[in-house]
Each structure stands twice: as structure tokens, then as C-alpha cells.
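Report on the structure given below.
As a basis for the values below, the full set of heavy atoms in this structure was taken, side chains included, without hydrogen atoms, waters or symmetry mates. Every number for a ligand or one of its atoms is a count from 1 in the order of the listing.
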Amino acid sequence: MSVTAADLSSSMALPARPLLFASGEDAYIADRVLHTWTTPDGADPDWADGVVAALEPGERALGALSFAAGAPGILHHVVGSERPLRGPVAKPRERTYDVREFPTAEAYADMVRAVLDKIAAGVVRKVVLGRCLDVTSDPPLEPAEIIDRLLVTRPGRYVFSVPLTESLSEGPLLVGASPELLVSRSGDRIACTPLAGSVPRSPDPEEDARRAAALRASDKDLAEHAFVVDAIVHALKEVCVDVEPPTGPTLLATDTVWHLASPISARLEEPATGPSALRLAQMLHPTPAVGGVPAAAAAEAIADIEGDLRDYFAGCVGWVDGSGDGVFAITIRAAVIDGARMRLFAGAGIVAGSDPDSEVRETGAKLQTMTRVAGLG
Ligand SMILES: C=C(O[C@H]1C=CC=C(C(=O)O)[C@@H]1O)C(=O)O
């Protein structure tokens, strides 16, 4: 798509705290919010069905579900439009940042070792472990500036900006550019593109290609990836026919990492009465791309070892309309901005053969997607 003068001016018109979700060339941006639905349990099927039933043609519910089962969800009832919000990007303003790792890289490596012990003991087979950066900025960050940059540079296909409270004008704002499609529904067509198995990119093209080829051939990463594909195929078969996973993963590049990716397609047997995109997201989430295997033991390991730092991180974010169509991405390469403060999250899958120092480097590279657009380099 060519960028016109009108596109540039629409870019300038991005609200200070936009409510938007982009999955293609254009971004769907909310012009009006009619209502906000919140729930203490984002996995509640009745809540999801009630939301979809309340949507009139031309309206969407746009929002996010937390990582954990039994944790909050929020959906904004919106009227909006697809807009080509891709203008030139202003250079980040001069800012002073205070950055704290939580946990530190050393502590994260110890957490990886604790998971490897559980794997060796046969308690779990895969656990995704995360860590955070807490950033304070002076002057405060401007969300619209960051989102503009995400829309132009597209480090991940799914760019989002979602207020996490009913107030659109203040409070925490979830922003990011996820490369991972949890699920999309268009009529009877269902698609998922799980990612798992990653390696940091290199600025040297030869080294970058070498790393991608090594990832594609790595038994450890292929095993880490297969856990996710198997879980999704199993869950889709409950409600779909023609579930078609690829014979093997392909490579997908973001700005900072290579991933193994498996585009899976399927068909809803009964689209008129079948699950909406929101229900499908609830059914599939959390996949072993953010949780682990077996799911319950991995969730326990995450709570014990990582603690309570995820909330909406590693959840899912997207939209659904009244026909049940919609798109939900996994909430990774994401940040929560609240005034002068910003928290970033990144995780990595730990399986037998994982190396603690490599997982520190991988999560460090993943964190860079958001530190770069925030101007921290
Ligand atoms: C939890 C994250 O990554 C997941 C998604 C893609 C690849 C992953 C990996 O290779 O470890 C993780 O499972 C994150 O990027 O914050």
C-alpha cells in the first residue's frame, strides 16, 4: 500500500491513548467506546457469550484476557474503523530513564535451573519462564509516539493498544507488537500460528542466516515447538474439522529474534452455533507457548518460581464482532505504560537441554522490541 498525504495526517491524528488493534496493513481504531465489560475470570464462557450477543453489526469488543485462568479480562465495546495509520515517525524525545530488571539476569538464570531440576525430576516437560524490566521515564513516555512507531516498523504483525481499566484517559495501557496469532475466525475458517523455539538475531547477515539455520535444525527447539502444536491441534479437534498443521515449522523473523512458526488451519463444523473467536481464545489459552506441559504442573511451577508478575502479559489480546469473527494474538513483546512508568515482559520456553545463559540472552533480545520503540535503545 502506498502512503499518501492523507495517511500521514491520519497518523498525526492518533489519540494520546489509542484503543486499537492492527493485524494487516491497516489498524482498526476505536472512534467511540459504548461500554466496557470487565470480569474477574477471563476464562468464563458465559461472560464471553454475553459480550458477543450484545454486539450489533459494525461494533466490536476489543480487549485482553490475563495469562492465568481465573484472572481478569477486559473488553471495550467499540465503534471504529480500519485506518492506514502509517506515517513517518518522529525521533524519540530526549528522556532520562531509570531501568530495573525484575528479576535480575542472574536470578532469572537460577530460575531456569530450578525448572531444569523439575524437568529432570519428571514433574514437568516444558515451562515458559518470564522476566520484566521496570522503566521510569522523565519526561513521561507518550503512548501515541510508541504506537506510531510500532505501526510503522511492525516488529510484530499484531499491534495493540488497550486501556486496562474503564477509564480511557488514564491508568495502565497495554501496548505491544506480538508476532504470534493465538486464533482467528472468519466465518468457518480458523487459523492459529503458534511460535516456540527462538534465537536472537545478529546484525551480521551471514551470522543471522547461520543462527536461523541452526534454529531450524535444533532438536531442543523442535521439541519445544512440538509441545505447542500438539496442544493446539488437540484443542481445535474438539470443535473443528479439517485441522491441518504443517509437516514441520517454518522460520519467522521479528526485529530481534528468529522463531519457529507453524501456521495451522481448520474449519468450524457448525459456524452458526460454533464458538466465537473469543470463546476459541478462551479454549486455547494458555497454550504451551506461554504456559507449559503438563499444563497444570507448569502453571504451578510458574506461580512458584516466577511469582506474580504476569497479569495481562502472556495473556491474549484482540477483538470479536457480533458474528463471532475476530482475531486474538498472544500478549508478548508487550509493555504496560502507566504515566511515567512502563513495565516490559519477556519469556522463554524451558525444556530438557535448555541453557540458562541462552535463555537470558533470548529474553533480553525479546525485551529489546519494546525498549527500542520506547527510545531506550
Ligand atoms: C513468552 C514469550 O515467548 C513465547 C512465544 C514465542 C516463543 C517462545 C520461545 O521460543 O521460548 C515463547 O514460548 C515472549 O516472547 O515473551
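- A heavy-atom separation below 4.0 Å is not found between A314 and ligand 1.
- Taking the six-membered ring where the residue is Trp, F345 and F313 present parallel rings, their angle staying beneath 30° rather than reaching 60°.
- Between V128 and P288 the shortest heavy-atom distance is CG2-O, 3.5 Å.
- Relative ring orientation between F160 and F21 is described as parallel, the plane-to-plane angle staying below 30° on a 0-90° scale split at 30° and 60°.
- Where the criterion is an N or O separation shorter than 3.5 Å, residue side chain and backbone included, A196 fails it with respect to ligand 1.
- For ligand 1, the atoms lying closer than 4.0 Å to a non-hydrogen atom of E180 are 5 (C), 6 (C).
- A salt bridge links R211 with E207: at least one charged nitrogen is closer than 4.0 Å to a carboxylate oxygen.
- The heavy atom nearest to atom 13 (O) of ligand 1, considering only A289, G347, G349, is found in A289.
- Of the options K366, E224, H259, the smallest heavy-atom separation from atom 8 (C) of ligand 1 is shown by K366.
- Ligand 1 has no atom lying under 4.0 Å from any heavy atom of H225.
- Judged as a side-chain hydrogen bond (donor to acceptor under 3.5 Å, both in side chains), and not counting sequence neighbours, E180 has no contacts.
- Atoms of ligand 1 lying under 4.0 Å from any heavy atom of E362, numbered from 1 in the order shown and given with element: 9 (C), 10 (O), 11 (O).
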